[in-house]
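Here is how names work: the chains are called A, B, and so on, in the same order as the sequence lines, proteins then strands, and each is numbered from 1.
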Amino acid sequence: MPEGHSVHRLARQFNDVFAGSVLAVSSPQGKFAAGARLIDGQALERAEAHGKQMFLTFSHELILRVHLGLYGAWDFGGDSTFTGASSIGAPRRIGEQEVAGDSGGWGHGGPPEPKGAVRVRLVSAHGWADLRGPTACEVLTPSEAAVVRRKLGPDPLNNLPGDGGEFGRRIRKSITSIALQLMKQEVLAGVGNVYRAEVLFRLGLDPMRPGKSLQVEEARALWEDIAKIMADGVRDGRIITTELGDRPSGLGAAVGRGLDAALLGSRPNKDVPVQDAHYVYKRVGQPCRHCGTVIAMAELGGRKLYWCPHCQSGKA
DNA sequence: GATTAATGCTAAA
DNA sequence: TTAGCCTTAATCT
């Protein structure tokens, strides 16, 4: 269940390793055979991310739209030219979690036998990419792609001028709870269940507040914090929302003992233990990192919502 | 080894 | 509203 940061890393990876290259496109699984024929043999012009969706534009202007959904993922492999072109560390896999390291599988100048249900395989002169388990995978014309993108709200990782204000107008339009609205891709594109829970905690907002009740200033702060922690996610390749001083182990503890946080340099979130990465997400029953109150959980709109009943009550 | 839940969305009913 | 995608890590026996 990758959120927007993973999709932006994917787009970067495709631009790094495939842009300008002619791609052989196939569907080993067979389910995308017709679509694959439409783009087979074309050069990839560019990759773009909008929220949780990725758009690959080919030289004849057709566009491959991919949404990873619940457990979709891309696997990569290739020669040294291919891995060397990656600016994000030549990952072996990008999906719900990112896997680093060598994929093997370019031994005889080509990709390995597809394992499992590979919906799409892309092969260039130097490497390959396999897509499994996507929710959406289709070839669109430019105008069809524009229709899809018009339905999406602003993406905090693109953060174009005016996007913050547009987000504020959209979320303040409805009495629907801000917890539900943050998951709506037409309000803002890219936030999922982890960032939703974490940003509401970071700003001390009650998840059940109606969007309409947000002050303009509160909506702006919400947008800015989402943009910040998601940009961290793009940099780190994982979701880490805790501040250094709120981490009980590892370097957070060292800082607590007096180590200068500045020593951490450009990688402030390097090697954060998983149990220290979040404030509330999947921490039901555990003590709040700020006040010790037991973290609560409830099902809302079919998804689990986590929050601190004290820090996010409006009384804290 | 078997079962379950999961950082979503789509399409059928 | 519900099934489906068909993977993976964590949890259970």
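Nucleic acid contact class of A:Glu198 (heavy atoms, under 4.0 Å, all strands): none.
The CH2-P distance, from A:Trp74 to C:dC6, rounds to 14 Å in whole Å. Rounded to whole Å, the distance from NZ on A:Lys115 to C1' on C:dC6 is 17 Å. Residue A:Leu10 contributes atom CG, which lies 19 Å from atom P of B:dT7 at whole-angstrom precision. If you take OH of A:Tyr306 and P of B:dA5, they are 11 Å apart, rounded to a whole angstrom. Here B:dT10 presents its P atom at 15 Å from OH of A:Tyr71, a figure rounded to the nearest Å. For the pair A:Leu188 CG and B:dT7 C1', the interatomic distance rounds to 14 Å; values are reported in whole Å. Atom pair A:Glu96:CD and B:dA5:C1' shows a separation of 10 Å (rounding to whole Å applied). Rounded to an integer number of Å, the gap from A:Lys184 NZ to B:dC9 P is 12 Å.
In this structure, A:Tyr195 does not reach the B:dT7 phosphate: none of its side-chain N or O atoms is under 4.0 Å from OP1 or OP2. Taking 4.0 angstrom as the limit, A:Lys31 places a side-chain polar atom (N or O) nearer than this to OP1 or OP2 of C:dC6. Look at A:Lys52 and you won't find any side-chain N or O under 4.0 angstrom from OP1 or OP2 of B:dT7. A close approach under 4.0 Å does not occur between any side-chain nitrogen or oxygen of A:Arg196 and OP1 or OP2 of B:dT7. The phosphate of B:dC9 (OP1 or OP2) has a side-chain N or O of A:Gln185 nearer than 4.0 angstrom. Dashed line: the shortest gap from a side-chain N or O of A:Gln97 to OP1 or OP2 of C:dT7 is not under 4.0 Å. OP1 and OP2 of B:dT7 both lie 4.0 Å or more from every side-chain N or O belonging to A:Arg238. For A:Lys282, no side-chain nitrogen or oxygen approaches OP1 or OP2 of B:dA6 to under 4.0 Å. Considering only side-chain N and O atoms, A:Arg119 lies under 4.0 angstrom from the phosphate OP1 or OP2 of C:dC6.
Rounded to whole Å, the C1' atom of C:dC6 lies 15 Å from the corresponding atom of B:dT3. Rounded to whole Å, the separation between the P atoms of C:dA3 and B:dA5 comes to 15 Å.
Between A:Tyr195 and A:His5, the distance separating the two ring centers is shorter than 6.0 angstrom.
The side chain to side chain donor-acceptor pair (under 3.5 Å) with A:Glu98 is formed by just one residue from the set A:Arg93, A:Arg9, A:Arg238; it is A:Arg9.
Under 3.5 Å, the side chains of A:Asp16 and A:Ser87 contain a donor-acceptor pair of N or O atoms. No donor-acceptor contact under 3.5 angstrom links the side chains of A:Glu45 and A:Thr57, judged on distance only. Checking A:Ser26 against A:Arg121 by side-chain atom types alone, no donor-acceptor pair falls below 3.5 Å.
Residues A:Tyr279 and A:Cys288 fail the side-chain proximity criterion, which asks for heavy atoms closer than 4.5 Å.
Position along DNA chain C of the nearest nucleotide to A:Thr135 versus A:Arg93 favours A:Thr135 as the more 5'-ward residue. Ranked by how close their nearest DNA chain B nucleotide is to the 5' end, A:Gly192 and A:Glu138 are led by A:Gly192.
When the nucleotides B:dC9, C:dC6, B:dT10 are ranked by their closest atom to the side chain of A:Arg65, B:dT10 comes out on top.
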